[in-house]
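Labels below follow one simple rule: chain letters A, B, ... track the order of the sequence lines, proteins then strands, and each chain is numbered from 1.
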2 protein chains.
Amino acid sequence: MAVPGTPRRRPTIMEVAREAGVSHQTVSRYLRNNGEGLKDATRERVAAAIRELDYRPNLVARSMRTRRTGRLAILLPVLHSWNAARMLDGAVSAAHEEGFVVEVMSLDGDARARGERMFELADSGQVEGILSLTPLPPESASGLPAGAAVVVSADYDDKMRGIGELADGSTVGEIIEALAGMGHRRFLHVSGQLQFSSARGRLRTYVDTIARLGLESHGVVEGDWTPEAGLEAIRSLPEDSGVTAVIAASDVIAAGVCRGAMERGWRIPEDLSVTGWDDNPVGAHLHPSLTTVSVDLGLLGRNAMKRLVAVVRDVEPELVERPLNRIVWRESAGPAPRARTAGGPGPVRRRA
Amino acid sequence: MAVPGTPRRRPTIMEVAREAGVSHQTVSRYLRNNGEGLKDATRERVAAAIRELDYRPNLVARSMRTRRTGRLAILLPVLHSWNAARMLDGAVSAAHEEGFVVEVMSLDGDARARGERMFELADSGQVEGILSLTPLPPESASGLPAGAAVVVSADYDDKMRGIGELADGSTVGEIIEALAGMGHRRFLHVSGQLQFSSARGRLRTYVDTIARLGLESHGVVEGDWTPEAGLEAIRSLPEDSGVTAVIAASDVIAAGVCRGAMERGWRIPEDLSVTGWDDNPVGAHLHPSLTTVSVDLGLLGRNAMKRLVAVVRDVEPELVERPLNRIVWRESAGPAPRARTAGGPGPVRRRA
DNA sequence: ACCGAAATAGTGAACGTTCACTATTACTCG
DNA sequence: CGAGTAATAGTGAACGTTCACTATTTCGGT
């Protein structure tokens with residue numbers, strides 16, 4: 001998180017006018033009509049001055065005078081249904097409670113493009129803080145625009161300080177322990193894009209837990225959060241891999257895994273146990289219904305926003321501490337094929 | 001859509017000061033410290049004047065002076081995964097392209113509470129337009145605050161002018177025609193909450209199409225968009241209902257329907273065909289994979305926003321005309337039990 | 001070369017607040 | 001009771017633009 005630097009005042013229209021040797025009104029006209037109605041020479045002098053001073057108009061002042069805000073509102077139903085939407089919901093309401101208004105931008109393009117867009121926004125002076133729920137490139141951390149807004153991020157690259165809660169993959173450990181208690185010995189993990197710290201967190205816990213409990217891993221398939229990744233992972237599994245449980249990094253991936261298992265004639269959970277992550281509502285009514293991890297994304301978004309607000313105000317954040325992840329056991333996970341006698345899911349003795 | 005009324009100027013701090021017989025600075029203090037540091041008598045005079053004039057501070061002017069915007073930004077990944085999120089995505093980018101900034105608010109509470117919140121927002125002068133993607137009560141239509149922003153809505157009650165595109169349930173007709181072509185004669189519809197025009201549109205088309213093609217309907221179950229509604233609908237179906245196809249108003253409902261069918265030992269699609277709506281990514285990899293309707297929600301949101309911008313600017317909107325709904329045939333729909341000889345899905349001869 | 005209109009540029013005020021002062025009033029204490 | 005100080009209230013400027021004017025320049029036509 002970058003501490004706002006010297007609040008270096010931005011140049012005003014007046015300074016541009018002086019630099020260009022014209023009146024402020026001429027600069028104003030240049031900005032309004034994009035140069036129409038100015039003599040070529042004048043236009044160029046103004047353009048040069050603007051470039052020289054790195055001038056950008058103060059939109060608040062403009063709004064004040066024009067009485068136009070250039071702002072629209074979108075009213076949404078409460079977003080319980082999808083991940084980013086649920087985080088958004090929590091974050092937005094936390095911001096409102098603190099008296100802030102939020103601008104939502106959805107950023108596409110690659111990480112580099114997103115990073116640039118973020119830079120622009122931070123530099124524009126239009127916002128006091130930025131909460132990024134989308135990964136940005138590590139370079140963004142350094143050299144943030146001087147008087148710039150603060151950046152906090154929910155699911156970030158390690159080099160920048162991500163808030164890390166989403167990255168908490170420890171629940172994967174609990175799942176594996178429980179599955180081991182049901183006789184599973186050999187696992188497969190289908191991860192999400194490793195650009196996301198959440199994907200990395202789950203992967204890391206998977207690897208650690210397998211090692212800690214002395215279990216075996218057939219390997220890790222690096223996916224991209226799509227069902228196809230899950231499907232492919234199963235399709236390319238040798239018949240004699242010995243894998244009896246697949247830990248998928250999301251429900252959508254898990255759906256692909258289930259699909260793949262069907263294709264190969266493997267029954268779930270009799271032949272293969274599958275677990276997902278996210279508690280997608282459709283998953284609860286799949287056949288078989290999907291064992292998954294329910295994440296309190298609203299709380300996550302809320303806490304992320306509280307962190308941001310705290311940084312903007314330079315105080316300590318008051319976070320709500322409450323478990324974020326909860327395993328939801330459903331039909332898709334059960335005893336391992338050869339250990340069918342064991343009971344239902346439950347904790348396992350640690351070897352530690 | 002309400003046309004902005006006379007731009008009745010809001011009272012300023014100066015007028016409040018005159019009314020209360022104090023200086024403008026005293027009013028400013030009152031606003032800043034919520035009355036701290038004022039003599040009781042003074043405080044009350046100011047409070048009375050504010051009440052009398054229905055004064056509210058001009059936040060733009062305040063921002064201008066304090067150099068604090070009270071605005072934060074949230075950066076999101078492009079939201080392809082969930083309904084409201086996808087519409088939001090389209091709407092936000094359309095607004096950005098038009099040079100507007102959007103404030104997102106998620107409104108909970110009942111329709112009445114949402115309506116009041118909308119009123120406040122419209123009256124605050126903070127935004128130039130409001131796009132509501134959540135239903136508001138019909139009363140909201142009338143008596144919008146005078147200088148208020150425009151309201152457009154995507155999924156609205158009939159009494160207010162909803163944009164109606166989401167309400168287009170005509171694709172249900174195509175689905176039924178195709179199913180009839182595969183030998184289905186008796187249908188069941190599980191609707192969404194009829195508060196939503198989308199739910200009403202699908203229901204209306206269902207009823208009309210059944211009548212038009214001379215088919216039979218076992219009835220309509222009014223659901224609430226949850227899987228449980230679908231589950232219950234199937235559970236309470238008599239063994240001899242004769243229903244061979246269920247049209248669910250959403251994929252989530254359809255998942256419940258599938259679940260119910262499993263419980264009763266009915267195979268899908270051999271015994272029962274099921275169709276959903278939304279093209280939920282998990283549905284594509286269900287077993288059986290779900291026949292559904294893919295809706296271009298990004299386009300929908302984009303067009304809704306273009307309408308709003310057009311109204312704000314008092315010009316004609318330039319909408320992108322392109323089919324919104326597309327049927328995705330998958331495993332969950334197939335020939336009716338007694339007509340197993342017929343081919344795959346396809347159009348049916350109309351009786352009309 | 002001159003007139004008049006069009007094109008271009010400049011001046012000062014205004015938008016509605018808060019900031020940084022100064023002025024007044026009320027209170028405390030010797 | 002008066003001086004000193006704290007509490008309360010008032011004054012004018014400033015924030016950075018655009019608006020509504022006025023002033024100057026340019027240029028075509030006679």
query: At what angle, to 10 degrees, do the two end axes of the helix from C:dA1-D:dT30 to C:dG30-D:dC1 meet, given five pairs define each axis?
result: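 Rounded to the nearest 10 degrees, the bend comes out at 30°.
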- request: With the side chain counted from C-beta on, respond yes when B:Arg56 and B:Asp54 share a heavy-atom pair under 4.5 Å apart, and no when they do not.
  value: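 Yes, their side chains come closer than 4.5 Å.
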query: Is the shortest heavy-atom distance from the side chain of B:Leu297 to the side chain of B:Leu324 under 4.5 Å?
result: no
Nearest-0.5 Å distance that lies between atom [atom1] in [X] and atom [atom2] in [Y]:
X: A:Glu15; Y: A:Tyr55; atom1: CD; atom2: OH; answer: 10.0 Å
X: B:Ile50; Y: B:Arg45; atom1: CD1; atom2: CZ; answer: 13.0 Å
X: B:Arg67; Y: B:Arg65; atom1: CZ; atom2: CZ; answer: 8.5 Å
X: A:Asn58; Y: A:Ile13; atom1: CG; atom2: CD1; answer: 10.5 Å

Return the set of residues passing side-chain hydrogen bond (donor to acceptor under 3.5 Å, both in side chains) with [X] (not counting sequence neighbours), or none when no residue passes.
X: A:Ser93; value: A:Arg302
X: A:Thr12; value: none
X: B:Thr66; value: none
X: B:Asp296; value: B:Arg322

field: Worked verdict on B:Arg307 versus B:Leu131 for side-chain contact (heavy atoms from CB on, under 4.5 Å)
entry: CA-CA 9 Å; B:Arg307 279 201 168 78; B:Leu131 172 62; over 6 Å; no
- request: Enumerate the residues from residues 18-31 of chain B whose closest heavy atom to DNA chain C is under 4.0 Å, giving them by residue number; use none for an empty result.
  value: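 Residues of residues 18-31 of chain B that come under 4.0 Å of DNA chain C are, in numerical order, B:His24, B:Gln25, B:Ser28.
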- request: Assess the side chains of A:His96 and B:Glu103: does a donor N or O sit below 3.5 Å from an acceptor N or O?
  value: yes
- prompt: Listed by chain and number, what are the side-chain contact (heavy atoms from CB on, under 4.5 Å) partners of B:Ser63, not counting sequence neighbours?
  reply: A:Val60
field: Partner set under side-chain contact (heavy atoms from CB on, under 4.5 Å) for B:Arg43, not counting sequence neighbours
entry: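 By the side-chain contact (heavy atoms from CB on, under 4.5 Å) rule, B:Arg43 matches B:Tyr30, B:Leu38, B:Asp40.
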query: Taking DNA chain D as the partner, which of residues 40-52 of chain A come within under 4.0 angstrom of it by heavy atom?
result: none
Is there any protein nitrogen or oxygen under 3.5 Å from a nitrogen or oxygen in nucleotides 24-27 of chain C, and what are the pairs?
none

message: If the condition is salt bridge (Lys or Arg N to Asp or Glu O under 4.0 Å), which residues does A:Glu44 pass it with, not counting sequence neighbours?
response: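 Expected list: none.
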query: When all nucleic acid strands are considered with a 4.0 Å heavy-atom cut-off, which category describes B:Leu38: base, sugar-phosphate, or nothing?
result: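 Sugar-phosphate, no base atom in range.
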field: DNA chain D: 5'-most and 3'-most nucleotides touching chain A, 4.0 angstrom heavy-atom criterion
entry: D:dG16 to D:dT26
